[in-house]
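Side chains are part of it too, since the values below use all heavy atoms of this structure and drop only hydrogens, waters and symmetry mates. Proteins get letters first, then strands, A, B, ... in listed order; numbering begins at 1 in each.
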Amino acid sequence: MLDVKILRDDLDRVKERMTTRGVEIDWAEFVSLDRERRDALANLERLKEKKNRLSGEIGKLKKSGDDATAPMREVGEVSEAIRNGEGPLAEIEARFERFMLSLPNLPNVDVAIGKSAEDNRDIRRWGEPPTFDFPAKNHWEIGEELNILDFVRGAKLAGARFTLYKGAGARLERALINFMLDLHTGERGYQEMLPPALGNRAALIGTGQLPKFEDDLFRIESSEYFLIPTAEVPLTNVHREEMLEREDLPINYVAYTPCFRREAGSYGQDVRGLIRQHQFNKVELVKLSEPETSYDELETMVQDAEEVLKRLKLPYRVVELCTGDMGFASAKTYDLEVWLPGQEAYREISSCSNCEDFQARRAQIRYRKEKKGRPIFVHTLNGSGLAVGRTLVAVLENYQQKDGSVVIPEVLRPYMGGLERIG
RNA sequence: GGAGAGAUGGCCGAGUGGUCUAAGGCGCACGCCUGCUAAGCGUGUGUACCCCACAAGGGUACCGAGGGUUCAAAUCCCUCUCUCUCCGCCA
């Protein structure tokens with residue numbers, strides 16, 4: 001959520017920057033709503049002030065045994081005027097809040113302006129895409145031939161976009177999770193968390209999935225819970241409605257969780273294989289930081305995610321998303337894209353964003369810079385470190401051998417009981 | 001699932017209809033005093049929003065959430081959420 005004050009003070013600049021996201025926003029609606037709201041509020045508060053004053057007088061009169069019928073009759077009229085005003089005000093406030101919650105974050109000023117992924121900026125590349133003296137296979141071919149991924153039975157158990165991992169495949173997924181967690185906790189200063197995989201409405205509003213993107217989420221029908229689409233939701237909400245101490249910051253959390261996404265509107269995209277699933281595993285990094293250092297923290301977080309790929313010796317590139325390609329809550333985002341020989345393309349495997357105070361304002365996560373100072377919103381950051389299923393895809397495709405087997409990256413072997421090769 | 005208890009300001013904790021404009025304490029901030037590993041004394045101390053120049057000043061709301069009774073609610077009534085204790089069931 002944006003600060004209402006910047007909308008009032010500098011609407012033209014906000015309009016201009018918001019336009020770079022490619023979203024249509026009814027600004028006239030905002031201006032009139034804001035005006036209506038303030039008028040109605042001021043009017044009602046005047047009435048309440050009068051009512052409180054009269055009530056006090058009645059109390060004094062009654063105490064001294066005097067007649068209070070006149071002020072009581074007057075307060076009755078004021079009360080009715082208040083009742084008549086409350087309904088309309090509540091309606092205006094609800095509309096105002098809906099509007100504010102539906103506004104995406106403002107892109108940071110130094111983010112490149114663009115319309116789509118084509119306008120993203122290449123920041124750096126690491127590693128060389130491998131060359132094969134045989135036709136490179138897709139991971140779903142490799143997985144099925146090695147009998148470690150079963151898409152047919154995954155569909156039988158749940159449906160399309162669900163996969164059953166088997167044997168060494170299941171273990172490889174688990175090895176990747178443990179490897180990533182150990183790296184981030186052991187060497188990169190993150191505290192490991194194991195949060196609920198379901199979240200309530202307030203949590204999903206806090207990080208920005210609700211109210212606008214309910215269609216992307218799985219909802220539990222019998223109660224007001226949603227399956228989390230990412231551990232960003234629970235991790236960022238850990239300190240929702242809390243006042244933090246300056247010395248606590250930055251806070252660095254890492255968590256492995258399953259993630260659940262409806263993938264509505266992505267029919268026909270990545271229909272085969274593990275790339276786009278309704279349920280997938282992810283190791284997520286979240287930071288809460290002071291505003292002054294959040295962009296340094298973003299750079300660090302990207303490097304933390306990159307380190308996973310470096311140790312796995314998987315070639316990748318870092319891209320900076322342009323204004324038109326960024327997510328709802330983000331002010332600046334870097335994507336890590338890993339090389340997939342089966343597709344001969346770089347595919348997203350991590351997305352690291354600085355949301356500045358956008359989520360903190362929704363979730364009321366604040367701290368005091370000085371003991372006596374006013375509370376200020378922290379900056380929140382999140383990044384995949386990494387998407388586990390896609391990492392497994394990258395391992396299978398980059399480490400595939402001519403004989404159909406797959407070599408296990410060295411750093412994973414301790415997690416695989418010393419296994420060096422699948423198949 | 002059943003029974004009971006509870007939810008008050010950064011923290012602890014009083015408060016069962018009208019100076020609650022929330023006692024008291026801790027913590028914190030500022031000042032004073034004092035020189036001996038510290039204490040004492042005084043003053044102040046929330047959040048959000050609205051009016052206003054985002055100043056001074058003023059107002060409204062907030063005692064888990066929502067609704068109700070009343071001229072008046074932390075206080076009475078209803079619903080919900082969460083926490084704790086006990087019982088049952090269960091990984």
Original post:
Can A/S351 and A/D335 be counted as having a side-chain donor-acceptor contact under 3.5 angstrom?
Top reply: yes

Subject >> Between B/C62 and B/G66 - C1' atom distance, rounded Å >> reply: 14 Å

**OP:** Heavy atoms under 4.0 Å is the rule here; annotate nucleotides 58-74 of chain B 5' to 3' with B where the base is hit, S where only the sugar-phosphate is, and - elsewhere.
**Re:** -BBS---------BS--

**OP:** Return the nucleotide paired to B/A74: Watson-Crick means purine N1 to pyrimidine N3 with N6-O4 or O6-N4, wobble means G-U with N1-O2 and O6-N3, both under 3.5 Å.
**Re:** none

Subject >> ring pair (Phe, Tyr, Trp, His ring centres under 6.0 Å) between A/F358 and A/F377, worked out >> reply: CA-CA 9 Å; A/F358 183 83; A/F377 293 112; over 10 Å; no

Original post:
Rounded to the nearest Å, what distance is computed from the CG atom of residue A/D3 to the C1' atom of nucleotide B/A48?
Top reply: 12 Å

**OP:** Write down the partner of B/U37 under the Watson-Crick or G-U wobble criteria, each distance required to be under 3.5 Å.
**Re:** none

**OP:** Indicate whether OP1 or OP2 belonging to B/U81 is found under 4.0 Å from a side-chain N or O atom of A/R201.
**Re:** no

Original post:
Between A/R240 (CZ) and B/C82 (C1'), how many Å, whole number?
Top reply: 13 Å

Original post:
Separation of A/E86 atom CD from B/C49 atom P, in whole Å?
Top reply: 20 Å

Original post:
Looking only at atom P, what distance separates B/G44 and B/C26, rounded to whole Å?
Top reply: 16 Å

Original post:
A/P375 near the nucleic acid: base, sugar-phosphate alone, or nothing, with a heavy-atom cut-off under 4.0 Å?
Top reply: sugar-phosphate

Original post:
Expressed in whole Å, how much space separates the C1' atoms belonging to B/A14 and B/A23?
Top reply: 6 Å

Subject >> Phosphate OP1/OP2 of B/C54 contacted by A/R8 side-chain N/O (<4.0 Å) >> reply: no

Original post:
For A/S405, which of A/Q400, A/E145, A/R421, A/E420 qualifies under side-chain hydrogen bond (donor to acceptor under 3.5 Å, both in side chains)?
Top reply: A/R421

Original post:
Counting only N and O atoms by type, is there a donor-acceptor contact under 3.5 Å from the side chain of A/T236 to the main-chain atoms of A/V233?
Top reply: no

Subject >> Complement of B/C11, any strand, by Watson-Crick or G-U distances under 3.5 angstrom >> reply: B/G25

Original post:
If you draw the axis of the six-membered ring of A/Y367, does the NZ or CZ of A/R246 fall within 45° of it and under 6.0 Å from the ring centre?
Top reply: no

Original post:
Say you pick atom P in B/G64 and the same atom in B/A56; how far apart are they, in whole Å?
Top reply: 32 Å

Subject >> Ring centroid separation A/F179 to A/H184 under 6.0 Å >> reply: no

Subject >> Any strand: nucleotide that pairs with B/A56 via Watson-Crick or wobble, under 3.5 Å >> reply: none

Original post:
Any side-chain N or O of A/R366 under 4.0 Å from OP1/OP2 of B/A48?
Top reply: yes

**OP:** Between A/E93 and A/D9, name the one whose nearest nucleotide on RNA chain B is closer to the 5' end.
**Re:** A/E93

**OP:** Take atom CD of A/Q364 and atom C1' of B/A48, then tell me their distance rounded to the nearest Å.
**Re:** 8 Å

Original post:
B/A74 and B/U8: how far apart are their C1' atoms, nearest whole angstrom?
Top reply: 7 Å

Subject >> Between C1' of B/C28 and CZ of A/R246, the distance in whole Å >> reply: 17 Å

Original post:
What's the verdict on ring pair (Phe, Tyr, Trp, His ring centres under 6.0 Å) for A/F30 and A/F99, showing C-alpha distance, side-chain angles and the deciding distance?
Top reply: CA-CA 7 Å; A/F30 166 77; A/F99 179 88; 5.7 Å; yes

**OP:** Starting from the C-alpha separation in whole Å, work towards a yes-or-no answer on salt bridge (Lys or Arg N to Asp or Glu O under 4.0 Å) for A/E214 and A/R201.
**Re:** CA-CA 10 Å; A/E214 184 155 353; A/R201 190 167 282 275; 3.7 Å; yes

Subject >> Base-pairing assignment for B/U69 (Watson-Crick or G-U wobble, both under 3.5 Å) >> reply: none

**OP:** Identify the nucleotide, in any strand shown, that forms a Watson-Crick or G-U wobble pair with B/C30, with both distances under 3.5 Å; if there is none, say none.
**Re:** B/G42

**OP:** Would you check if the distance from the ring center of A/H278 to the ring center of A/F218 is below 6.0 Å?
**Re:** yes

Original post:
Which whole-number value in Å describes the distance from A/K5 NZ to B/C54 P?
Top reply: 10 Å

**OP:** State the pairing partner of B/U83; accept Watson-Crick or G-U wobble contacts with both distances under 3.5 Å, and report none otherwise.
**Re:** B/A5

Original post:
P atom, B/G58 versus B/U45: distance in rounded Å?
Top reply: 13 Å

Original post:
When you compare B/A73 with B/G10, how far apart are their P atoms, in angstrom units rounded to a whole number?
Top reply: 23 Å

**OP:** State the pairing partner of B/C89; accept Watson-Crick or G-U wobble contacts with both distances under 3.5 Å, and report none otherwise.
**Re:** none

Original post:
Can you tell me how far C1' in B/C52 sits from the matching atom in B/G59, rounded to whole Å?
Top reply: 11 Å

